[in-house]
Each structure stands twice: as structure tokens, then as C-alpha cells.
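Notes follow once the structure below has been shown.
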Amino acid sequence: MSFIDYRETIKEGDTAIVFLGHESMFPVKVQHGGKTQTKYGVIRHSTDLIGKRYGSKVTCSKGGWVYILHPTPELWTLNLPHRTQILYSTDISLITMMLELKPGSVVCESGTGSGSLSHAIIRTIAPTGHLYTVEFHQQRAEKAIEEFEEHKVGHLVTVKNQDVCKNGFGITHLADAVFLDIPSPWEAIGHAKSVLKREGGRICSFSPCIEQVQRTCLALEEHGFAECNTLEILLRVYNVRTISLPVPDLGKGIGGNARAESDKGSPSDQGASSAGLQQGNAQFKSGVPPREMVGHTGYLTFATKSLF
Amino acid sequence: MEGSPEPASPGVIREGDFAVLKRDEVFKAVAVARRRKIVFEKQWFCLDNAIGHIYGTTFEVTSGGTLQPKNRVQEAATETKEAGADNRNIVDDGKSQKLTHDDIKALKDKGIKGQEIVQQLIENSTTFRDKTEFAQHKYIKKKKKKYEAVITIVKPSTRILSTMYYGREPGKINYLRYDTLAQMLTWGNVRAGNKMIVMETCAGLVLGAIMERMGGYGSIIQMYPGGGPVRAATSCFGFPGSFFQTLYDFPLSKVDSLLSGTFSLKKLPLESEENTAVAEESNGSVDDKPVSVQEADTECSTEIVAEDSQPEEQEIMDIPTEGDAFEGSKAKGTTHDKQKKQEERQKKLIEAAGLLKEKNADGLIVASRFHPVPLLLSLLEFVAPSRPFVVYCQYKEPLVECYTKLREKGGVINLKLSETWLRNYQVLPDRSHPKLMMSGAGGYLLTGITVINESVKSGDCSGQTDEEPTSKKRKLQEQR
RNA sequence: AGCUCAGUGGAUAACUCCGUCUGUAGAGCCUGAGACUCUUAAUCUCAGGGUCCAGGGUUCAAGCCCCAGUUGGGA
């Protein structure tokens, strides 16, 4: 198992995703002799997991079943233990594209937070790129290092426990892209500029509040960044449902005979009949939005450092 | 609001009023009565002490279940002396609050004021002064919400009730969101003096909204499915009885017969001596030739009913929200009463039929759980030319079908299928951002304007296909 | 049947529930109204009733966050 490479079978030490259905799934560290409880019964790692192919349907002790999935950054984002608020795949997708990340890219990130975005970046820049990620909270930095090692991507990432606003990223003129997810990003724009390659690169800053964006944009301009652009992306999910609407009873049966002869061609005759609707229910499929409303995550401000 | 502390009664909470309780963004409609327990947000209390105060007053709930008005004077400007620069030194070990669960419970049980409890929590937090200024502010806000819970009593309105229903029982109003309702009232040109046709299954909310906008002037014919109109939400508005004198209702199941001229009253009581028009109708229908309602007769009877106050009585019957007080007086309806009631009903029905038969309504509003196509095609018959109509549906597909059918049939222009999105914002110094985006789940609208359908009048089908596009083109040019 | 340990998934309507499809504003019961016939009532239809157990902590100034507590469910 690795977050940057698919493997066929489940092995000791892997982080696998146990999929129970709906939105319900959780990560599990596979260990000899390990046991995992689910609502469908117990899973015994040695017999139920190790050696099985990813994607297998595993039967639990109560007769229920679950799927075991190979981890991906997207599944990890949905299952990682939160130390902070995290970025979700909708925002991550836009960040990745607008920062022009690809295999070989060198990226600087701060703060690391819970590592949701970090995993996605690492997947994209592997096998030859590198991520430098800076986090001023000591426990969070340590936990991140631990996770990267566990997920066998440690060689692609360097974690530093320091304050990016004061001390920058600890390197200069190496990065193709910089990403900032910190409360006062405008204080880090200078360091960001100096860490980007001399020939230029892209920067992105994530902020929940519009005042932060205003300050950041001013700072970007002062430091000579170009193509400053702020975006917000919202995900709209639809559930596909069969809808059944009752057809109203307009009393068609009672006066039906007389109406057939309506000389004026009264359009009312077309009522239920021309609509092709019989008494009863009209059925159709529709995409219905879930009741929960889309919440605001943050604004994404992008800019380019160019030679000119 | 202009600072005039007028003793004018309209602004005062009185027994028998319909009022709305508000806590934060949660509403509940209640009938104001003495000695009646209300449960709201897991607190129970009586409204006795609220009677006599003006609407908009904020109350605290005492432990004894009474309301005490709360003066909003001192917002102790909790001057934040110390604040951290960032959270790098805050560790989430769950140990920063020194008060235990039992300590806090004891404070509450002792009846300590919410404000004091919040202060205690702050003083016993080892991390509070290390939080940033913004985090401190947020912390206080959260604790206040929990411990300084107050309720405000407000006057019902479309704004309040539509917000309440969407939040509390959206299924009962077919997910009609309040911004969508606002669109309907505007595009429907709802105003005083109109003659409106309404077909809704939104608990009577849409009807109430229309009545509010009409202010008691004009007339409304409510089309209803099944045994009678539902007006649970309408009664929450607390409209004066006069508003109901020109509110009529008519069963959907009679619409086709009315349109085809075979409309009759089958279950009319045998002895309907007073109203000759009614008698004629019932007799006529038994015979060979279906007799349509005479316009002159119905207009006459309309005026008669407008004078007596029967409609009001009917509304009170619809009101038994949670009322048990009136139960006693509700003598088990004698057969005589029942018969009398039915007679009144028949009378109103005849009047409603007469109004519809004039085919000169000023607008049509549809918002129902039924498929809108047959409703729209039939009910538009009763609307005068050059009048707006609005159809709401929770789903897009049926309205697309309406659009298609109406284009085929003609007689309407300016058809527009629409949906509104709504989002609100947090605005605080340096902390402004959108809160929620409400989109998709608020339903869809089809709006349009009726016109004289020449293709039908001429009885020439071939001309229809040619005329439609040209007229549409002209309209487009005018708009640009 | 009682106690202890570990892990798992639930608490919203007066009450009881809600599905391995990315199905928790959906229902049942209850109450009421109308219809109907089989009338101390049955049946059918419709309606009324919803803001999520409680406390603490924490995330950036956006929770798809965390912890221990209460209650009941399963190995």
C-alpha cells in the first residue's frame, strides 16, 4: 500500500479503508492478530484482510459485509483524524489545477494542519517532486511527520515546525508553487516570493474572510505578483430520486361526455388528457439537492510571480 | 420603532392573538392564552405575563415557567485585556476548563443568571486569555447562546411565518422557500383589489401571504383538493374576520364540470327556500339540460353574503391549533346545525362558481404537491387576458412540461422558468464571509402572462404554428 | 439474571422508529376533520405535530472535528 501507487493485495502495516455504505467508512491499520469491530460484526485482520485483494467484499462475523478499499488522498480526506479544520477535495481540485501542479513540481505549504491537502499535493507531484510543509504548532507538525511515514510518502515531503510569517520555508528559489492556509497570509507574501523559483511560479492563499483577502491582494500587488485572482468554489450534490406527484382530480369523470363536444375547442379539454396524465400518480426521476445547505469554506486567491 | 411609546392597542400582545415566539433563528407560532403551557425549544412556560407588553419584547424564562421582560440596557462591554497572537501554544487536551460538569450543573440549579455563569466559565478557563481576540469573541458568543437563552414575541407576518415553516416543517409547504414565495407575490402582481385564484397545498401559507398583500381588498377564490381547504398556516396570521368575507373556496373536483357547463350541486338540501337561484340550479341539474350558473344571480348573492359574517365563523373552526379551551362549547353538532352549516357552504359554493364563471380573474397562483400541468391548463381558463400567473413546483421537470404544453396551446406569453438562490452573511470587523448558500431546495417557478388566444378563437389550427414564432420575435425585439 | 474490560453504531414530534444504492424534514402511532357504510364503530382520504440528548474542549476570523457523561441496541 502506498498513497502514490496502487497495490493489489492488502498487507501488514497498510492503511485500508473499511467501507460500510452511505457516508460511513473509516480507516484501519492492518496488523497481524488485529481485530476491528463494525456494526456488522468483527473483522479479523489475519484471516479477513491480509492477502486479500483491495476491493474485496469481506464478510463480518454477523453475516454482514463491508468493502475494503485501497486508500487514495480523496478517501483519506474523508477519513483522516481532524486536528484542525481541513480542506476538502472540491477546493483541493481547484488549488491543484490553478497552481499548475504536476509530477516533479516543488511545492511549499503552510500550515500543514491535518495534512488533507498535503496528501493530495504529494500524490500529484510524485515521483520526482517535493513538498516542503511548515506548521507552527509542534504537536500538529509531529503528527504529520508520523502520518507521512506511515503512508510511505515520507521521502517526498519535509515537515518543519516553525512560523512561516517570521522564518519562511527555510529554502530559497526552489519552489514552483506556494500555498498559504494561515490567519495572516499577507505577512508571509515576502517569504513566499523569495521561495519561488527565480523564473517565477504560482501562489495560492486560502482565507475564510473577505477582509483577509483584501489585505492579501494588496500585499501581493506590493510584491509584484501578477494575475491576482480570487475564486470560490461550491459543490452541489444531487440525489437521484423517483418522484411521484399525484394528478389532481378535476372531476373529469362526471362531466366527461359533454366535454368531448366542446365546440369552442376549449383548451381545458386538454387538461389531464393531453398531458398524458391519467388519474393516479405521475412518476419521473429527478435530481434533488440534499437538504443541507452548502457552507462557505473560504476564498482562494491566486497570483503569479513572473520575471517581468 | 421611531421611539414613540404609543399605547395604541395594535402593538400590544392581547389574549386571543396569534403570535410567534422567536429564539435566535427558530420560530414557533402560538395562540396567546392565559394559563396554557407552551413548549418551545425544550422549555415550558406560560404566556400570561406577556399579555399587555408590546410585540418585539424580549423575555427571559424563569425557572417557574413564567416570562420576565428583559431590558436590553447594559451590554457589559467585556473589555478583553489579554489576548494571544495565535493558537500555536494551545493544546487540545480537554483539561482547560476547571469547572466540572457537576459544578456547572450546580450553578444552573442554583438559579444563577446566565451572564454570571458565562463569566465563571471564562474565569475558570486556563486557555481563554491565550486565545486570539477573535476566538475569545466567538467563545463568548457561543456560551451566551447556551446560557442566556431568551425568547422574543413577534407579530406574525409572511416574512416570519414563511421563514418558520421552511425551517420547521418544509415538507408541509412543499419546500417553498421564503425567497421563492417573495418572487411569487411580486410576479403575480398581488395587490389590493385583485380577484385572485389560488391553488395551494402549503398548509395555507401561500393563501395567507396573498391575503396579507391584498389587505382585505378584493377577492380570493381558493381551489382545493379533497374535502376542504387547509388553512392551518393562514390562521397563524391572525387576520381580522373581515379578511375572510371575500375569501371563497371551490373544490377542484368540480372544475371540469364548471368548465364544461355541467356544473351542478348534487347534495343540496331539499329545502333551500330562500335562495331561488340555488333552487333553480339544483332542479335544473336533475333535469335533462345542464343549467350553468347565471352571472347576474351569483353577483347578487355575493353581495348578500358579504354583509353577514359567516366566513369568520368558519375560520374559527379551522383554528384549533392546540386549543382545548374551546372544546367545551363545541356542542356535538346537532343534525340541525350540521344541515345549516351545509346550506351555508352550498351558498358560498354557488358564489364561488359564479366568480369563476366570469373568467376575469386578475391572476393565478399555484403551489401544490399535485402535478401542475392539469391544474394550470384548466385554471388558466378562469383568468382574464393580460394577467400574470405563477406556478410553483418543488421539482423542475413538471414545470418544463408545463412550459412545453403552454407553448403548444398558446394563450400565454413571457414564460419563464426560474429558481432563486439565497445566501446570508456574517458581517463582523475583519471577519466577514458568507454563511450558508441555500440553493436548489427552495423549489422552482414558472411565470407568464395570459393573452387572448387568437389561434383558438379562429378555430384554425394551421395558423397557430405560423403565428407563434413571429409574435415571440416581436416581443423579444421590444425587450431589447 | 447481575458485575467488570475493550471496541462499534444510535438519541430531534407527546410516544416509537427510519434501509450497506453517498435514502434521516421521512414515517408509524396519536389527535382532529371530511368522505363513506358495516354507526358506542369500521374503512378510506386529508390534516395537525420537527430544528436534532446534555456538558466540556478545540479548528483561522468556515465543521463532514474531538473527549468524557447519560440512555438504550448489537459481538
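Just so it is clear: chains get the letters A, B, ... in the order the sequence lines come, proteins before strands, and each one is counted from 1. Since the model is a prediction, treat every value here as computed from it, not as a measurement.
- Gly64(A) comes within 4.0 angstrom of a base, heavy atoms only.
- Here, U58(C) and C67(C) have their C1' atoms 10 Å apart, quoted to the whole Å.
- Distance from the side chain of Leu78(A) is smallest for C64(C) among the nucleotides G57(C), C64(C), A61(C).
- Comparing Asn239(A) and Gln426(B) by the nucleotide of RNA chain C that holds the closest heavy atom to each, the one mapping nearer the 5' end is Asn239(A).
- Considering only side-chain atoms of Ala203(B), the nucleotide from U58(C), G56(C), G48(C) that sits closest is G48(C).
- The phosphate of A61(C) has neither OP1 nor OP2 within less than 4.0 Å of any side-chain N or O from Ser432(B).
- Contacts of Val230(B) with the nucleic acid, taken as non-hydrogen atoms under 4.0 Å apart, involve only primed sugar atoms and P, OP1 or OP2.
- Contact annotation for Ile182(A): base contact, defined as any heavy-atom pair under 4.0 Å involving a base atom.
- Looking at heavy-atom distances under 4.0 Å, Thr38(A) makes contact with sugar-phosphate atoms alone, never a base.
- In this structure, Arg23(B) reaches neither bases nor backbone, as no heavy-atom distance under 4.0 Å exists between it and the strands shown.
- Residue Lys143(B) places at least one side-chain N or O closer than 4.0 Å to OP1 or OP2 of G56(C).
- With contacts defined as side-chain heavy-atom distances shorter than 4.5 Å, the pair Leu20(A)/Tyr40(A) qualifies.
- More than 90° away from 0 lies the glycosidic angle of A42(C), which makes this nucleotide anti.
- When heavy atoms are screened at a 4.0 angstrom cut-off, Arg369(B) is found touching the sugar-phosphate backbone but no base atom.
- Taking atom C1' on both C46(C) and U12(C), the two are 25 Å apart, rounded to the nearest angstrom.
- For the P atoms, the distance linking C65(C) with A13(C) amounts to 22 Å, nearest Å.
- Stacking between Phe134(B) and C60(C) is absent: the aromatic ring centre is not both under 5.5 angstrom from the base six-membered ring centre and within 30 degrees in plane angle.
- Within the 4.0 Å cut-off from OP1 or OP2 of A62(C), at least one side-chain nitrogen or oxygen of Lys138(B) is found.
- For the pair Lys108(B) and G55(C), the criterion of a side-chain N or O lying under 4.0 Å from OP1 or OP2 is met.
- Between the CD atom of Glu41(B) and the P atom of A13(C) there is a distance of 12 Å, given to the nearest Å.
- Using a 4.0 Å heavy-atom criterion, one finds that Gly94(B) contacts the sugar-phosphate atoms exclusively.
- Remark: Glu147(A) engages Arg83(A) in a salt bridge, criterion side-chain N to carboxylate O under 4.0 Å.
- Taking only side-chain atoms of Asn87(B), from C-beta outward, the nucleotide of U59(C), G56(C), A62(C) with the closest atom is U59(C).
- Between the side chain of Lys131(B) and the base of U58(C), no donor-acceptor pair under 3.5 Å is found.
- Look at Lys172(B) and you won't find any side-chain N or O under 4.0 angstrom from OP1 or OP2 of C46(C).
- Closest to the side chain of Phe206(A), from the set G49(C), A62(C), C64(C), is A62(C).
- Ion pairing between a basic and an acidic side chain is recognised when a charged N comes within 4.0 Å of a carboxylate O; Arg423(B) and Glu232(A) show such pairing.
- The side chain to side chain contact (heavy atoms under 4.5 Å, CB included) with Val28(A) is formed by just one residue from the set Val18(A), Ile68(A), Ile43(A), Thr38(A); it is Val18(A).
- At the heavy-atom level, Ile104(B) lies under 4.0 Å from the strands shown only through sugar-phosphate atoms.
- Contact check, Lys146(B) against G55(C): a side-chain N or O comes under 4.0 Å of OP1 or OP2.
- Side-chain N/O atoms of Gln85(A) include one lying less than 4.0 angstrom from OP1 or OP2 on C64(C).
- Distance noted for atom C1' between C17(C) and A25(C): 15 Å (whole Å).
- Phe128(B) and Tyr139(B) have their aromatic ring centers within a separation under 6.0 angstrom.
- In this structure, His101(B) reaches the sugar-phosphate backbone alone: every heavy-atom distance under 4.0 Å involves primed, P, OP1 or OP2 atoms, never a base.
- Phosphate contact (OP1/OP2 of A62(C), side-chain N/O of His433(B), threshold under 4.0 Å): present.
- For the P atoms, the distance linking U43(C) with C29(C) amounts to 10 Å, nearest Å.
- Side-chain atoms of Asp181(A) come within donor-acceptor range of the base of C60(C), with a qualifying N/O pair under 3.5 Å.
- Nearest nucleotide to the Arg291(A) side chain, out of A25(C), G56(C), G50(C): A25(C).
- Using cut-offs of 30° and 60° on the angle between ring planes, the pair His296(A) and Tyr299(A) is tilted.
- Comparing C66(C) with G2(C), their C1' atoms sit 34 Å apart, to the nearest whole Å.
- By the 5.5 Å and 30° criteria, Phe19(A) is not stacked with the base of U20(C).
- Distance from the side chain of Ala232(B) is smallest to G48(C) among G48(C), U51(C), G7(C).
- Contact between the side-chain N/O atoms of Tyr425(B) and the OP1/OP2 oxygens of A61(C) is not found at any separation under 4.0 Å.
- Nucleotides U16(C) and G10(C) are separated by 14 Å at their C1' atoms, to the nearest Å.
- The side chain of Lys35(A) contributes no N or O atom lying less than 4.0 Å from OP1 or OP2 of U8(C).
- Here U58(C) presents its P atom at 12 Å from CD of Gln136(B), a figure rounded to the nearest Å.
- With distances taken from any side-chain atom of Thr127(B) to the nucleotides G57(C), A75(C), U58(C), the minimum falls on U58(C).
- In this structure, Arg44(A) does not reach the G7(C) phosphate: none of its side-chain N or O atoms is under 4.0 Å from OP1 or OP2.
- The P atoms of C18(C) and G28(C) are separated by 15 Å, rounded to the nearest whole Å.
- At least one side-chain nitrogen or oxygen of Lys42(B) sits closer than 4.0 Å to the OP1 or OP2 atom of A54(C).
- For U58(C), neither phosphate oxygen OP1 nor OP2 lies less than 4.0 angstrom from any side-chain nitrogen or oxygen of Tyr139(B).
- Judged by closest nucleotide on RNA chain C, Pro170(B) is the one of Arg83(A) and Pro170(B) placed further toward the 5' end.
- Considering Asp102(B), Asp109(B), Asp103(B) in turn, Asp109(B) is the only one that fulfils the salt bridge (charged side-chain N to carboxylate O under 4.0 Å, His left out) rule with Lys105(B).
- Residues Tyr147(B) and Ile112(B) have side chains not in contact (no heavy-atom distance under 4.5 Å, counting atoms from C-beta outward).
- By the 30° and 60° cut-offs, the orientation of the rings of His371(B) relative to Phe284(A) is perpendicular.
- Distance Gln394(B) CD to G26(C) P: 7 Å, rounded to the nearest Å.
- Of the candidate nucleotides U20(C), A25(C), U58(C), A25(C) has the atom nearest to the side chain of Tyr175(B).
- Within the structure, every side-chain polar atom (N or O) of Lys39(A) is placed at least 4.0 Å from both OP1 and OP2 of U8(C).
- In this structure, Tyr67(A) reaches neither bases nor backbone, as no heavy-atom distance under 4.0 Å exists between it and the strands shown.
- The side chain of Ser96(B) has G57(C) as its nearest neighbour among U59(C), C64(C), G57(C).
- Side chains of Asp430(B) and Phe134(B) form a contact here, defined as non-hydrogen atoms less than 4.5 Å apart.
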